[in-house]
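On a predicted model such as this, the values are computed, not experimentally measured, just so you know.
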Amino acid sequence: MPGRVAYFLRTAELDDAERAALDEGQAVRRGTGYTLRVTTVPAVHRQLLDRCQVLDGVGAIPAQRKARREYENRVSTLGAPA
């Protein structure tokens, strides 16, 4: 997940599975930012994506909207929900 999304989610109220997934993720430097590699089931990724819906709203800056869209594209490639 993009670093801007991870930064936002760290300040959000998450359940235990979501918090554990973020805490166990590994930050990978990428250009001037970073990507957080999170290994968890697709359902948790979808929950995290739902929580960061605010980043695609009216008050969000363009970089936040782009980061959320990138994460949404990555999550959508994980397959259909079971």
**OP:** Keeping the roles fixed (side chain from R65, backbone from L55), state whether a donor-acceptor pair exists under 3.5 Å.
**Re:**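 Between the backbone of L55 and the side chain of R65 there is no qualifying donor-acceptor contact (under 3.5 Å).
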Original post:
Is Q53 reaching over with its side chain to a backbone N or O of D50, donor-acceptor style, under 3.5 angstrom?
Top reply: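 Looks like no, no N/O pair under 3.5 Å.
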Subject >> More than 12 heavy atoms of other groups within 6.0 Å of D15 CG >> reply: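 Yes, the 6.0 Å shell around CG holds more than 12 heavy atoms from other groups.
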Would you name the heavy atoms of [X] and [Y] that are closest together and state the gap between them?
X   : Y  : value
L36 : A6 : CD2-CB, 3.8 Å
Y34 : Y7 : OH-N, 4.0 Å
A67 : P2 : O-CG, 3.4 Å

Original post:
Is there a side-chain contact between H45 and Y71 (heavy atoms, below 4.5 Å)?
Top reply: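 A side-chain contact under 4.5 Å exists here.
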Subject >> Min side-chain heavy-atom separation R68-L49 under 4.5 Å >> reply: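 Sidechains of L49 and R68: in contact.
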Distance (rounded to the nearest 0.5 Å) between [X] [atom1] and [Y] [atom2]:
X   : Y   : atom1 : atom2 : value
T35 : R29 : OG1   : CZ    : 10.0 Å
R37 : Q26 : CZ    : CD    : 8.0 Å
K66 : R4  : NZ    : CZ    : 10.5 Å
M1  : L9  : CE    : CG    : 5.5 Å
E24 : L22 : CD    : CG    : 10.0 Å
Q47 : C52 : CD    : SG    : 12.0 Å

Original post:
Only one of D23, V44, L48 forms a side chain to side chain contact (heavy atoms under 4.5 Å, CB included) with L14, so which one is it?
Top reply: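 Only one option passes, and that is L48.
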